[in-house]
Amino acid sequence: MKELLQDLVRKGLEKCYAAGVLTSGEIPPIVIEKPAHAEHGDFATNAAMLLARAEKKAPRAIAETLIKHLEADALCAGVEVAGPGFINFRVMDEAWRRTLLAIATAGPDYGRSTTGSGRKVQVEFVSANPTGPLHIGHGRGAAIGDTICRLLAATGWDVTREFYYNDAGAQIANLALSVQARCLGIEPDDPRWPADGYQGDYIKDVARSYLARETVNADDQHVTAAGDPQDLDAIRHFAVAYLRREQDEDLRAFDVRFDVYFLESSLYADGSVDAVVRRLVENGHTYEQDEALWLRTTTFGDDKDRVMRKADGGYTYFVPDVAYHQNKWERGFARVINEQGADHHSTITRVRAGLQALAEGIPEGWPEYVLHQMVTVMRGGEEVKISKRAGSYVTLRDLIDEVGRDVTRFFFVMRKPDSQLVFDIDLAKQQSLDNPVYYVQYAHARICSIFENAAEKGGVVPSAEEVNLDRLAAPEEMAIVKTLAAFPEVVEGSAASLEPHRITYYLQELAGEFHSFYNKSRVITEDAELTAARLFLLACVARTLNNALGLLGITAPEKM
RNA sequence: GCGCCUGUAGCUCAGCUGGAGAGAGCAACGGCCUUCUAAGCCGUGGGUCAGGGGUUCGAAUCCCUUCAGGCGUGCCA
């Protein structure tokens with residue numbers, strides 16, 4: 001619809017220039033937007049204001065000239081100049097109603113597009129190290145990352161979901177020592193307990209399982225325990241597999257899945273890390289100081305240089321990070337998006353600097369990042385403090401068990417990633433109007449209930465051929481139709497900006513308009529034609545609610 | 001100190017690639033169920049868009065600056 005109006009305005013301008021009533025010959029980018037207030041019509045353009053300078057005329061005068069040269073078409077019911085020089089368009093109700101037919105035809109595909117034209121995009125998210133259960137911060141990352149994947153897939157991208165983890169670094173060594181200590185019956189308050197060991201009770205479970213020589217199967221790891229408390233290497237392998245399996249179970253419960261699990265250790269094993277270091281040295285971006293090898297990241301905008309190889313000979317985490325991203329680049333993704341907690345934001349400059357220093361033609365702003373701010377958890381009016389080492393924190397699993405998957409997912413994506421999120425567990429558990437998830441799901445359930453009711457009275461949702469859409473003319477009905485029509489661009493915008501929260505706002509708006517309509521009008525009446533038209537409208541609402549909820553990985557219940 | 005994020009109604013937050021009297025939900029107050037789910041609807045009140053400068057025909061939105069909060073500033077990830 002916007003495209004049609006753009007064409008209309010462009011042709012109008014061309015006619016003005018041909019007729020000599022406008023002289024600058026400029027065609028500005030023609031922006032068609034939705035006015036903030038409904039009285040201003042359905043769409044508006046600021047084209048006349050943009051031309052004011054070049055034409056040296058008042059915007060309103062230009063607008064008046066322009067609308068005289070607009071061709072009459074089947075779309076517009078009215079065009080007028082308003083405010084400082086906007087041109088407002090009112091679209092015929094019939095044109096709006098036709099979108100209902102499009103929805104019925106598209107069905108589950110309504111809202112999808114081919115913008116991505118099958119290009120490959122990789123989204124890395126969660127990427128939790130296997131040192132413990134997933135916590136609430138990982139939960140936010142999982143919800144945002146998964147929704148971004150769904151949005152990109154819906155807009156025609158070929159999405160690869162990837163989970164990267166460190167299975168060999170200092171934290172993992174620490175994990176192995178902690179499990180070993182538990183195997184030997186050493187408690188955290190014992191002087192023999194490892195410094196900075198993981199104190200959580202789950203470590204005891206790992207130790208017990210290891211001693212019992214159990215076999216664990218994670219999505220990407222299959223290990224049988226050796227059972228020997230002295231074999232630190234075996235303990236490490238087992239602990240990693242065990243905790244990965246726990247994470248996999250949590251992610252499954254959250255309905256989040258991955259295509260690729262990428263191990264940091266593989267970058268050492270296949271020589272990528274060494275190759276990266278060699279390349280950086282060759283390119284002259286490194287120097288030795290204090291027995292360490294440094295990368296001059298300041299050349300690429302970092303505020304200080306970074307150590308690559310420590311005095312003890314080991315590499316710092318950022319070297320495999322660079323190797324990993326070089327690997328992503330070589331896999332040929334048109335885009336790579338990293339979803340992470342904002343507490344890791346300092347890695348962005350370093351990774352990009354490292355990639356620039358490789359001088360392999362990787363663009364400066366590559367890869368893209370979506371950072372989510374911290375989550376604070378409220379329970380009983382008090383903040384729950386998170387302390388991983390001490391093992392006291394709210395896990396993702398706790399949340400899913402307590403408030404349900406749908407509510408958890410919705411709450412996590414409800415705010416834009418840049419905003420800190422207060423997760424009030426008591427509020428999330430309420431099945432009340434405070435809870436937007438129920439509000440939206442209730443709209444869907446209500447519609448299903450109406451269908452059931454209609455069926456009992458012999459009514460069915462009519463097909464597109466038999467329905468008379470002209471019967472839908474009430475303001476509440478037209479409001480719904482217009483909101484439904486906006487869905488594809490909401491999806492498009494949400495995907496383009498990597499902002500899942502837009503879908504949650506859209507859902508609340510659509511659900512609100514439906515509830516409003518419901519309270520004002522009866523669907524099933526003696527008037528068979530009107531009943532049929534309204535059932536058709538509601539089928540489109542239910543379809544769109546379902547599709548939108550699907551983008552968030554949330555169910556659309558038929559009964560509540 | 002420096003970098004990133006945030007500051008909008010009593011509360012939680014949208015709006016931020018510049019556009020028309022600044023929005024939603026909750027809370028407060030007042031209404032609506034013999035009829036398809038009241039987990040709902042309708043109405044009322046509520047604002048120096050943190051403060052100050054600047055750019056612009058036009059700024060919550062862009063730039064500078066001050067203040068406040070969060071995160072980071074590891075040879076941890």
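Quick note on labels: first sequence line is chain A, next is B, and so on, each numbered from 1. Quick caveat: nothing in here was measured; it's all calculated off a predicted structure.
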**Fill in**
Paired to B:rU73 by Watson-Crick or G-U wobble criteria (both distances under 3.5 Å) is B:rG1
**salt_bridge(A:E489, A:K2) N-O dist < 4.0 Å** = yes
**Request:** Return yes if a side-chain donor-acceptor contact under 3.5 Å exists between A:Q441 and A:D406, otherwise no.
**Result:** yes
**Asked** Among residues 530-545 of chain A, which residues get a heavy atom nearer than 4.0 Å to RNA chain B?
**Response** none
**Message:** Starting the side chain at C-beta, find the nucleotide from B:rA77, B:rA20, B:rC75 nearest to A:S346.
**Reply:** B:rA77
**Asked** Which part of the nucleic acid, if any, lies within reach of A:A58 when heavy atoms closer than 4.0 Å are counted: base, sugar-phosphate only, or nothing?
**Response** nothing
**Request:** Specify the separation, in whole Å, of atom NZ of A:K457 and atom P of B:rU35.
**Result:** 12 Å
**Request:** Write down the partner of B:rC67 under the Watson-Crick or G-U wobble criteria, each distance required to be under 3.5 Å.
**Result:** B:rG7
Mind listing the N/O atom pairs, protein and nucleotides 5-10 of chain B, below 3.5 Å?
from, atom 1, to, atom 2, distance (Å)
B:rC5, O2', A:Q373, NE2, 3.2
B:rC5, O2', A:D418, O, 2.8
B:rU6, OP1, A:D418, OD2, 3.4

**Prompt:** What interatomic distance, in whole Å, is found between C1' of B:rC42 and the corresponding atom of B:rU48?
**Reply:** 32 Å
**Minimal non-hydrogen separation, A:R236 against A:D167, with atom names** = NE-O, 4.0 Å
**Asked** For B:rG15, does either OP1 or OP2 sit under 4.0 Å from a side-chain N or O belonging to A:H501?
**Response** yes
**Message:** Contact list please: residues 507-527 of chain A against RNA chain B, heavy atoms, distance less than 4.0 Å, in numerical order.
**Reply:** A:H515, A:S516, A:Y518, A:N519, A:S521, A:R522, A:V523, A:I524
**Asked** Is the closest basic N to carboxylate O distance between A:R471 and A:D527 below 4.0 Å?
**Response** yes
**Closest-nucleotide 5' rank along RNA chain B - winner of A:F43 and A:Q289** = A:F43
**Request:** Please determine if a side-chain N or O atom of A:R306 lies less than 4.0 Å away from the OP1 or OP2 oxygen of B:rU73.
**Result:** no
**Asked** Considering Watson-Crick and G-U wobble pairs with both distances under 3.5 Å, what does B:rC29 pair with?
**Response** B:rG43
I'd like a table of atom pairs between the protein and nucleotides 58-65 of chain B - only N or O on both sides, under 3.5 Å - with the distance next to each one.
none

**Within residues 311-323 of chain A, residues whose heavy atoms come under 4.0 Å of RNA chain B** = A:A311, A:T316, A:Y317
**Message:** Tell me the interatomic distance from A:E264, atom CD, to B:rC76, atom P, rounded to whole angstroms.
**Reply:** 12 Å
**Request:** With the side chain of A:N453 defined as its heavy atoms from C-beta on, choose the nearest nucleotide among B:rC13, B:rC36, B:rG72.
**Result:** B:rC36
**Fill in**
So the salt bridge (Lys or Arg N to Asp or Glu O under 4.0 Å) pairs with at least one residue in residues 493-515 of chain A (sequence neighbours excluded) are A:E499-A:R502
**Message:** Please confirm whether the shortest side-chain N or O distance from A:Y439 to OP1 or OP2 of B:rC41 is below 4.0 Å.
**Reply:** yes
**Item:** Pair partner, B:rG23 [Watson-Crick or wobble, under 3.5 Å]
**Value:** B:rC13
**Prompt:** NA contact type, A:A445, heavy-atom cut-off 4.0 Å: base, sugar-phosphate, or nothing?
**Reply:** base
**Asked** NA contact type, A:A44, heavy-atom cut-off 4.0 Å: base, sugar-phosphate, or nothing?
**Response** base
**Message:** Centre-to-centre under 6.0 Å for A:Y439 and A:H515, is that the case here?
**Reply:** yes
**Message:** Counting the atoms with a prime plus P, OP1 and OP2 as sugar-phosphate, which does A:M49 contact under 4.0 Å by heavy atoms, base, sugar-phosphate, or nothing?
**Reply:** base
**Request:** On the 0 to 90° scale, with breaks at 30° and 60°, tag the A:F514-A:Y518 ring pair as parallel, tilted or perpendicular.
**Result:** tilted
**Item:** G-U wobble or Watson-Crick pairing nucleotide for B:rG18 (cut-off 3.5 Å, both distances)
**Value:** none
**Prompt:** Going by modelled atom types, is there a donor-acceptor pair between the base of B:rA77 and the side chain of A:H344 at under 3.5 Å?
**Reply:** yes
**Asked** Start at the 5' end of RNA chain B and walk down; is the nucleotide closest to A:R350 or to A:P59 reached first?
**Response** A:P59
**Fill in**
Re B:rC49: Watson-Crick or G-U wobble partner, both distances kept under 3.5 Å, found to be none
**Item:** B:rC36 - base-pair partner by Watson-Crick or wobble geometry, distances under 3.5 Å
**Value:** none
**Asked** Can A:F86 be called stacked on B:rA20 when the rule is centres closer than 5.5 Å and an angle between planes below 30°?
**Response** yes
